[in-house]
Structure formats: structure tokens, C-alpha cells
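Beneath this line is the structure, given in C-alpha cells, with notes to follow.
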Amino acid sequence: MFDYETLKLLWWVLVGVLLIGFAVADGFDLGAMLLMPLVGRNDRERRVIINTIAPHWDGNQVWLITAGGALFAAWPLVYSAAFSGFYWALLLVLFALFVRPVGFDYRSKLTNARWRKSWDWALWVGAIVPSLVFGVAFGNLLLGVPFRFDDTLRLSYHGTFWQLLSPFGLVAGVVSLAMLAAHGGSWLMMRTDGLLAERARRAVLGFSLLYLAAFIGAGAWLAIGSVSGLVLDSGLDLGAAINPLVKSVHTGNPGWMDNYRLYPYTAAAPLLAVLGAFMALLAATLGRGGWSFLGTALAIVGTLCTAGFALFPFVMPSSLDPTSSLTVWDAVSSRTTLGIMTVAAGIFVPIILAYTAWCYWKLWGRVTPAHIDQNPHSLY
């Protein structure tokens, strides 16, 4: 079995993989619902959009549940700090996500136009709220979260919901929103045809450009040094038991750029994000949905890795007390817990990935208005 230091680093990678899996998998169905009012002009077209994601959305959302469970088990201090600091934001996301299963199941139960339109808007809200809030949350990690630990490791949070909506946090929210909308548009290009696919193509072009502008703008905002990052002083025992208050931390990392200067290969992450977005733009221009989807997926991977590499080894910096900031090395569970989780992940994650791939393979194909007309009761 791995030593404690290696397990800590391994679970930083695995939690990141789960977050990326959620953003890539659940991102396209959130994105498709974001685009539904724009791409679907009538009831048949909106039903087509819903049915492209109907077999997969609930399985995709399991990535979020798994990431939350892994966060609770692997990084309990991060879990408690996040659910204290971002309580109202996460509650808002939770209620928005409640709407999705109800909306999918009940929207087409009645033929009443007002009924269906109401659920369409509810599904749109259920997509835009998580897409925006998750980006705002990542933006606030870079700004620092107003929490601290006392001498007995009791956590206290000193911020409000409205403080999360800072200008930089909102720019990060736009990055997330545009990124997922472009991803959903690429999905619809692959899974629909005719006017729907054409409108989705135009949406990919528009939102990819918005993503590039917001992502590069957020990077420039950080690079000019208006956001001050943290530095973990040397001498910390990376294999010691958890105690966030034993380390020494100081400011002096302008824009969280130190890791990119110390380890130039990490620049591959923002480069991947930008190239992925350009790939999506080019593929959408040529009408190639599959390549566009690959491009938006690469942009998602690059975006999340950009934030992760910039913050490392911090996972939740504190804006009130730098010493209370949580890192990869002091926010984790015991070695025994991480070891058991590693064995479980090694067994079950490949099984889940294989089953998911099989589901996509068996249920693949374009959904058209003709399918809706031929199956008025068997489709959503």
C-alpha cells in the first residue's frame, strides 16, 4: 500500500478526476437545458432536446454525488468548511437540481401548453443556477474564503452569501456558464439534425467566444496581481497526521502564478483550455459535432486543471487567517481511510466507467422530431 504522503497526493488527483468527470458528463446535459429556450422553438423541438439527454442525465449527476461523497470521506475539513461557507449557495444549487428529475418526468404528462412551458423554464433554471454557482464557487476559492479555525480546530465562517458575488467571482461564473453551454451545444450537434443542429452549431460559436473572453480575462485579472495568493512555507511534515494550524503560510504569490513559474509544464492546462475552445470553434464552423464536443471537453479539463494547478497544494485558502487555509497535506482523513477508499476506487471505478460506456454505446443515435411523433407516449 502507498505511504501516507502518496495517498494524500493521490486523493487530490482522484477528487479532481471526479470533478472533471462531473463537469464533462453532467456538463453537456446542463448545457443542453441552458440552450433549450434558444435552440428549441416549439414543443416538438424542446422534446427532442430533452430526449437527447433523457437516458443519461441521472447517471451523469451521480458524478456530483460521488464527488461530494469522496470530499466527505477524503477531505472532511474541506467538506465542513465548504458546506459552512457556501451553505446558501449550495442550498440554492440543491433546490435547482430538485427541479430536474421532477421536470423531466412530469413535463410531458399533460398536453397543456402552459404546463409544458412552465416546466421548460423550470428545467432552464435548474441548469443555469448550478452552472453559474459552481463557477462562482471556484472564483471564490482563488479569492480566499472568510473562515478560520480556533485553537481547538472549531471552524467559524465570517462571510455572507452576497460576498460570494464579487466581480471576479461573477467572471468565474461566466466562464463556467459559457463553457457548459458550448459543451451542451456540441452535444446537440451530435444528437440532433436539421434546424436544431444548425441552431446548436451557432450557439457553440457564440458561447465558445464568450468562454474564451471570460477565461482569458479571468487569467489576466489574476496575472496583474490584483488577487494575492498564498505560499506554504517549507518544513511541513507531508506525512504527518492532520492539523491545519501547525503549518506556516504567508502571502506573496501574486495572482496564484507561482506554480506556473516554478513548474512551466503546468502551463499546459490553460493552453489546453484555450486550444480546446478554438477546436470547438473550428469544428462548429465546419459542422463537425463530434470534434466540437471533444474540443469543449478538453476546454473543461483544461479549465479545472488550471485552477487546481494554481491553487496546489491549497484546496481551500482562507482570506481571514492564512494559517487556517486547508491544503492537500492537512485536510485529509486518516491513512487507513484513504487506503480503504483507494482499494474501493480501484475496483469500482473501472466497472462504473465500463457500464457508462456501454450505456452510451447502446443508446446512441440522433433524435429527431419524427421520433417524437412516432413515440408520443414512450419518450419524454
Side-chain angles (χ1 to χ4, degrees), residues 4-5 7-9 11-12 14-16 18-19 64-95 130 133-166 168-169 172 227-233 235-251 253 256 307-308 310-338 341:
Y4 198 18
E5 179 183 343
L7 284 172
K8 292 177 179 182
L9 186 60
W11 273 97
W12 176 76
L14 290 177
V15 170
L18 289 172
L19 291 175
L64 177 61
I65 299 170
T66 305
L71 196 66
F72 173 77
W75 292 347
L77 292 179
V78 176
Y79 183 90
S80 63
F83 277 78
S84 297
F86 300 147
Y87 180 80
W88 288 108
L90 292 174
L91 196 63
L92 186 64
V93 168
L94 185 63
F95 279 106
V133 170
F134 288 140
V136 170
F138 267 92
N140 277 274
L141 287 180
L142 292 165
L143 294 175
V145 183
F147 74 94
R148 61 162 51 98
F149 290 99
D150 65 15
D151 293 339
T152 60
L153 292 184
R154 290 183 302 179
L155 181 143
S156 59
Y157 179 77
H158 301 273
T160 68
F161 171 79
W162 301 110
Q163 286 179 299
L164 300 178
L165 305 180
S166 62
F168 182 80
V227 176
S228 181
L230 303 178
V231 178
L232 179 63
D233 294 334
L236 178 68
D237 184 357
L238 305 184
I242 60 172
N243 185 350
L245 300 182
V246 300
K247 63 181 179 295
S248 176
V249 178
H250 68 272
T251 57
N253 179 3
W256 291 101
L311 288 168
F312 185 85
F314 295 92
V315 290
M316 181 167 281
S318 171
S319 60
L320 294 181
D321 176 23
T323 302
S324 293
S325 299
L326 297 172
T327 73
V328 172
W329 314 119
D330 58 23
V332 297
S333 293
S334 67
R335 180 177 178 177
T336 301
T337 300
L338 295 183
M341 290 174 62

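Predicted model only: the values in this text are computed from it and were never measured.
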Within this structure, what is the [atom1]-[atom2] distance for the pair [X] and [Y], rounded to the nearest 0.5 Å?
X      : Y      : atom1 : atom2 : answer
Leu311 : Phe138 : CG    : CZ    : 8.5 Å
Asp321 : Phe149 : CG    : CZ    : 10.0 Å
Leu64  : Phe134 : CG    : CZ    : 5.0 Å
Thr327 : Met316 : OG1   : CE    : 12.5 Å
Ser156 : Asp150 : OG    : CG    : 7.0 Å
Trp329 : Leu9   : CH2   : CG    : 5.0 Å

Backbone N/O of Thr323 and side chain of Lys247: donor-acceptor pair under 3.5 Å |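 Judged by distance alone, yes, a pair lies under 3.5 Å.
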
Where the side chain of Trp11 meets the backbone of Val332, is there a donor-acceptor pair that is under 3.5 Å apart?
->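 Looks like no, no N/O pair under 3.5 Å.
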
Testing the basics here: between [X] and [Y], what is the closest heavy-atom pair and its distance to 0.1 Å?
X      : Y      : value
His158 : Arg148 : NE2-NH1, 3.8 Å
Ala89  : Leu164 : CB-CD1, 3.9 Å
Pro317 : Leu230 : CB-CD1, 3.8 Å
Ala172 : Gly139 : CB-CA, 3.6 Å
His250 : Asp233 : ND1-OD1, 2.6 Å

Contacts table for residues 65-83: side-chain donor-acceptor under 3.5 angstrom, sequence neighbours left out:
from: Thr66; atom 1: OG1; to: Val62; atom 2: O; distance (Å): 2.8
from: Ser80; atom 1: OG; to: Pro76; atom 2: O; distance (Å): 3.4
from: Ser80; atom 1: OG; to: Leu77; atom 2: O; distance (Å): 2.9

State, yes or no, whether a side-chain contact exists between Phe314 and Leu141 at a heavy-atom distance under 4.5 Å.
->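 Answer no - side chains too far apart.
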
Are any non-hydrogen side-chain atoms of Phe86 and Val145 less than 4.5 angstrom apart?
->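 Of all side-chain heavy-atom pairs linking Val145 with Phe86, at least one is under 4.5 Å.
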
Residue list, side chain to side chain donor-acceptor pair (under 3.5 Å) with Ser318, at least two apart or on another chain |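 With neighbours one apart ignored, the set is empty.
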
Name all residues meeting the ring-ring contact (aromatic ring centres under 6.0 Å, His included) criterion together with Tyr87; count only those two or more places apart in sequence or in a different chain, and write none if there are none.
->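 Tyr87 satisfies ring-ring contact (aromatic ring centres under 6.0 Å, His included) with no other residue.
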
